[in-house]
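Just below is one structure, and these are the notes that go with it.
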Amino acid sequence: DTGVSQNPRHKITKRGQNVTFRCDPISEHNRLYWYRQTLGQGPEFLTYFQNEAQLEKSRLLSDRFSAERPKGSFSTLEIQRTEQGDSAMYLCASKGPSYNSPLHFGNGTRLTVT
Amino acid sequence: DQQVKQNSPSLSVQEGRISILNCDYTNSMFDYFLWYKKYPAEGPTFLISISSIKDKNEDGRFTVFLNKSAKHLSLHIVPSQPGDSAVYFCAASWNSGNTPLVFGKGTRLSVIA
């Protein structure tokens with residue numbers, strides 16, 4: 001168990017640019033989640049995958065956001081035309097097949113949009 | 001609409017004493033509850049969970065209590081240690097954990113030596 005890995009750890013970008021983050025889940029976990037956390041808030045759900053299928057998207061996920069999980073392994077989260085309000089910590093988590101197994105989080109990607 | 005509420009942003013406790021962190025929820029469909037701990041610059045780490053069919057779950061120094069009628073849960077840490085200083089998040093899910101977790105805003109615990 002090498003844990004959930006996220007890259008990059010930090011990203012600074014200018015408003016209007018596109019950014020892409022990567023998440024590598026724990027290898028035997030079939031569910032992968034993306035959350036966003038801003039200062040003083042708890043993690044907020046964005047979207048999740050079961051294997052390669054994207055099963056649910058939050059209303060927080062505007063059309064500038066897109067997530068993929070090709071072949072049910074790693075996942076990418078892309079934000080197009082970034083805005084200052086997109087500045088946040090983006091957390092990825094994975095979970096095993098049992099319904100009540102806990103989420104295991106990565107250390108996140110901190111995005112700063114200037 | 002905050003479905004999971006942690007009304008105390010911070011808590012300070014002396015080393016060796018009990019820490020009690022509280023969480024309230026509004027959605028009666030929630031049936032699975034978890035506590036996570038978060039250190040700066042790290043992702044949240046799972047601590048302990050409880051299903052709605054139980055009212056208590058214990059793991060070492062950590063005990064979670066669930067009061068379904070009051071829609072309230074609490075995390076007890078006994079004895080508190082300086083390494084417990086972190087932000088603690090309460091989270092909830094329904095359908096026995098099959099839906100995405102909903103998190104509270106967190107409580108920052110400081111354990112003073």
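Lettering of chains follows the sequences in order, A, B, ..., and the numbering in each one begins at 1.
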Between Asn98(B) and Arg31(A) the two heavy atoms that sit nearest each other are OD1-NH2, 2.6 Å

Scored by heavy-atom pairs under 4.5 Å with chain A, the best of Gly97(B), Gly106(B), Ser93(B), Pro44(B) is Pro44(B)

Arg64(A) atom CZ, over 12 foreign heavy atoms within 6.0 Å: yes

Just checking Arg61(B): does its CZ atom have more than 12 heavy atoms from other residues, nucleotides or ligands closer to it than 6.0 angstrom? yes

If one checks every heavy atom of Leu101(B) against chain A at 4.5 Å, the contacting part turns out to be both

Under a 4.5 Å side-chain heavy-atom rule over Ile, Leu, Val, Met, Phe, Trp and Tyr, are Phe46(B) and Phe45(A) clustered together? yes

Proximal component of Gln6(A), with respect to chain B [non-hydrogen, under 4.5 Å]: neither

Can Phe65(B) be reached from Phe33(B) by stepping across I, L, V, M, F, W or Y side chains whose heavy atoms are under 4.5 Å apart? no

Specify which of Ser101(A), Gly108(A), Pro43(A) makes the most heavy-atom pairs with chain B at under 4.5 Å. Pro43(A)

Would you say the side-chain atoms of Tyr32(B) pair up with the backbone N or O of Asn100(A), donor to acceptor, closer than 3.5 Å? yes

Could you state whether Trp34(A) and Val113(A) fall into the same hydrophobic cluster, counting links through intermediate Ile, Leu, Val, Met, Phe, Trp or Tyr residues with side-chain heavy atoms under 4.5 angstrom apart? yes

Between Lys38(B), Glu42(B), Gln6(B), which shows the greatest number of heavy-atom pairs under 4.5 Å with chain A? Glu42(B)

Would you say Lys54(B) has more than 12 foreign heavy atoms packed within less than 6.0 Å of its NZ? no

What part of Leu103(A) gets within 4.5 angstrom of chain B, counting heavy atoms only: side chain, backbone, both, or neither? both

Specify the closest pair of heavy atoms between Phe89(B) and Gly42(A), including all atoms of both residues, with the distance to one decimal. CE2-CA, 3.5 Å

Considering the options Thr45(B), Leu34(B), Leu47(B), which one meets the side-chain contact (heavy atoms from CB on, under 4.5 Å) requirement together with Pro102(A)? Leu34(B)

Please state whether the side chain, the backbone, both or neither of Gln37(A) comes within less than 4.5 Å of a heavy atom of chain B. side chain

Which pair of heavy atoms, one from Ala41(B) and one from Arg9(A), lies closest together, and at what distance? O-NH2, 2.9 Å

Among Gly104(B), Pro9(B), Ser51(B), Gly43(B), the residue with the most heavy-atom pairs under 4.5 Å to chain A is Gly43(B)

Count I, L, V, M, F, W, Y as connected when their side-chain heavy atoms are under 4.5 Å apart, and connections chain through other members. Are Val102(B) and Val64(B) then in the same cluster? yes

One option among Glu56(A), Met89(A), Arg110(A) has the most heavy-atom pairs under 4.5 Å with chain B, and it is Glu56(A)

Assigning hydrophobic clusters by single linkage (Ile, Leu, Val, Met, Phe, Trp, Tyr; side-chain heavy-atom cutoff under 4.5 Å), is Leu91(A) placed with Ile26(A)? no

Quick check on Ile12(A): does its CD1 atom have over 12 non-hydrogen neighbours (other residues, nucleotides or ligands) under 6.0 Å away? no

